[in-house]
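Presented below is the structure to which this report refers.
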2 protein chains.
Amino acid sequence: MDVLVPYDVRNPKTRLSAVFDAVERHAFARAMLDDVLDSLQRAGHDPTVLATAPVDCEPSVTVDERPLTAAVNSALEDAVPTGIVMADLPLVTPVVLDRLFGATGDVVIAPGIGGGTNALVVRHPDFRVDYHAASFRDHYDQAAEKGLDVSVVDSFKLAVDIDEREDLLEVLLHGTGSAREWLTEAGITVDSSGKYPKVSLSGENS
Amino acid sequence: MDVLVPYDVRNPKTRLSAVFDAVERHAFARAMLDDVLDSLQRAGHDPTVLATAPVDCEPSVTVDERPLTAAVNSALEDAVPTGIVMADLPLVTPVVLDRLFGATGDVVIAPGIGGGTNALVVRHPDFRVDYHAASFRDHYDQAAEKGLDVSVVDSFKLAVDIDEREDLLEVLLHGTGSAREWLTEAGITVDSSGKYPKVSLSGENS
């Protein structure tokens, strides 16, 4: 099965701008991409990075400058089944990916926290993506309206996409790969001194 | 197996105080409890509500006025194996609970978003709970230090505990039971008009 990992080379992770500068955001996004690619490869897949500009990495890269939805739908017109796994899911493991790709259904959806769609397996040519923040419900309803079988994968590790400062907590607590290592080397830690744990930046008073 | 559902009767869901008044918080907490109890019963379990004061409900109720950690540890001293499932997990289904109780290990942990512990299966008499916001890592480390086998259940539905306004989004998007119905009847909806979906209260301008 084709497995695409969409990746924004140009201005990744803008919602982390208050925490990281542009160079740091690129490096952290790349560490997360590496984690996703590594887990896909260890699960036996041969992923393709669907990027907005060239990327220097070992898997094959398809450059498509269009917005995410148009680029993915173009790929879906060319081939199904296709898997689409977002590049900002640093907690995914080969075991989780086996659950995703092993789930039956014309369309398999892994929801993200906050209503998004973090991973899809599309096995029917009639399905099209429409990525936006509340896309889970729309993807689900589209599949149902088209009479397709839909499965929803119940996974915390697939649900945790890293967009905002508080999301870094999950990487520090549950991550095992490059993204966690990058955060640790950047001095990002978990501050457990208060009632609720929070992300502490290097040099911040706790 | 004994299955406990800890439930704060007195002042539940204080972090939702900006959204709901005290009467509403009690009613919503009760709707979530009913969802958890219903899923446990449909999964073949006979849960006991471990409550801070008497509760009028069909399952048996044990009243223990002590804080959560002391009350649960007292129960663990009396009997293992014991399952502990929090009362604010309205997305849980019998299928998810089968995964939780079917996981092997002396200790099975389902992490919550933000570092907490949302469900446990304790099969070894040496394990003790220490509930606090960052308890997942501490519970995991304690089990490892005691030489116990630990499993972590990777479930979005077990990870979503409802503490704050933004959490209500998950109930509206993914819930199927009493808690979702209660929110809907209270006029709480998903506002998808902006870039990111958010919770809209009855009477609020969107």
Side-chain angles (χ1 to χ4, degrees), chain A residues 14-15 91-100 109-119 130-141 151-161 163-164 166-176 189-199, chain B residues 14-15 91-100 109-119 130-141 151-161 163-164 166-176 189-199:
Chain A
T14 48
R15 290 157 76 189
L91 302 189
V92 297
T93 62
V95 170
V96 180
L97 293 166
D98 286 349
R99 284 180 57 209
L100 173 71
I109 313 181
I113 297 167
T117 304
N118 284 358
D130 180 6
Y131 284 106
H132 54 280
S135 64
F136 168 76
R137 180 52 50 191
D138 293 339
H139 284 148
Y140 189 96
D141 291 346
S151 297
V152 178
V153 179
D154 174 36
S155 166
F156 173 65
K157 292 178 178 174
L158 279 167
V160 173
D161 50 348
D163 290 315
E164 299 187 346
E166 69 197 48
D167 301 330
L168 303 177
L169 186 68
E170 309 299 348
V171 186
L172 292 166
L173 289 173
H174 303 286
T176 57
T189 54
V190 177
D191 174 5
S192 300
S193 63
K195 189 166 182 185
Y196 304 108
K198 55 185 184 180
V199 171
Chain B
T14 48
R15 290 156 78 190
L91 302 189
V92 299
T93 62
V95 170
V96 180
L97 293 166
D98 286 348
R99 284 179 58 212
L100 172 71
I109 313 182
I113 296 168
T117 303
N118 284 357
D130 180 5
Y131 283 106
H132 54 280
S135 65
F136 169 76
R137 180 51 53 192
D138 293 339
H139 283 148
Y140 188 95
D141 291 346
S151 297
V152 178
V153 179
D154 174 37
S155 166
F156 173 64
K157 291 178 179 176
L158 278 167
V160 174
D161 50 346
D163 290 315
E164 299 187 343
E166 68 196 48
D167 300 330
L168 303 178
L169 188 66
E170 309 299 347
V171 186
L172 292 167
L173 289 172
H174 302 286
T176 57
T189 54
V190 177
D191 174 5
S192 299
S193 61
K195 189 167 183 186
Y196 304 107
K198 57 185 182 178
V199 171

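Letters A, B, ... are given to chains in the order of the sequence lines, protein chains preceding strands, and every chain is numbered from 1. Note that the structure is predicted; figures quoted are calculated from it, not measured. Any value given below was found using the heavy atoms of this structure, including those in side chains, with hydrogens, waters and symmetry copies removed.
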*Mind ranking B:Leu169, B:Asp154, B:Val160 by heavy-atom pairs under 4.5 Å with chain A and telling me who comes out on top?*
B:Asp154
*asked:* Among residues at least two apart in sequence or on other chains, which ones pass salt bridge (charged side-chain N to carboxylate O under 4.0 Å, His left out) with A:Asp167?
replied: none
*asked:* Which atoms of A:Tyr140 are under 4.5 Å from chain B, going by heavy atoms: the side chain, the backbone, both sets, or neither?
replied: neither
_Is B:Lys157 close to chain A through its backbone or its side chain, or both, or neither, when contacts mean heavy atoms under 4.5 Å?_
both
*Check each atom of B:Ser155 against the heavy atoms of chain A and say whether the ones under 4.5 Å are side chain, backbone, both or neither.*
both
*With a 4.5 Å cut-off on heavy-atom pairs, point out which of A:Arg137, A:Glu166, A:Glu170 contacts chain B the most.*
A:Glu170
*asked:* Test of understanding: with salt bridge (charged side-chain N to carboxylate O under 4.0 Å, His left out), list the residues that count as partners of A:Glu164, not counting sequence neighbours.
replied: A:Arg15
_Qualifying residue for side-chain contact (heavy atoms from CB on, under 4.5 Å) with A:Phe156, from B:Val153, B:Leu158, B:Ile113_ = B:Ile113
*So which of B:Gly114, B:Pro111, B:Ala110, B:Ser192 has the largest heavy-atom pair count under 4.5 angstrom toward chain A?*
B:Gly114
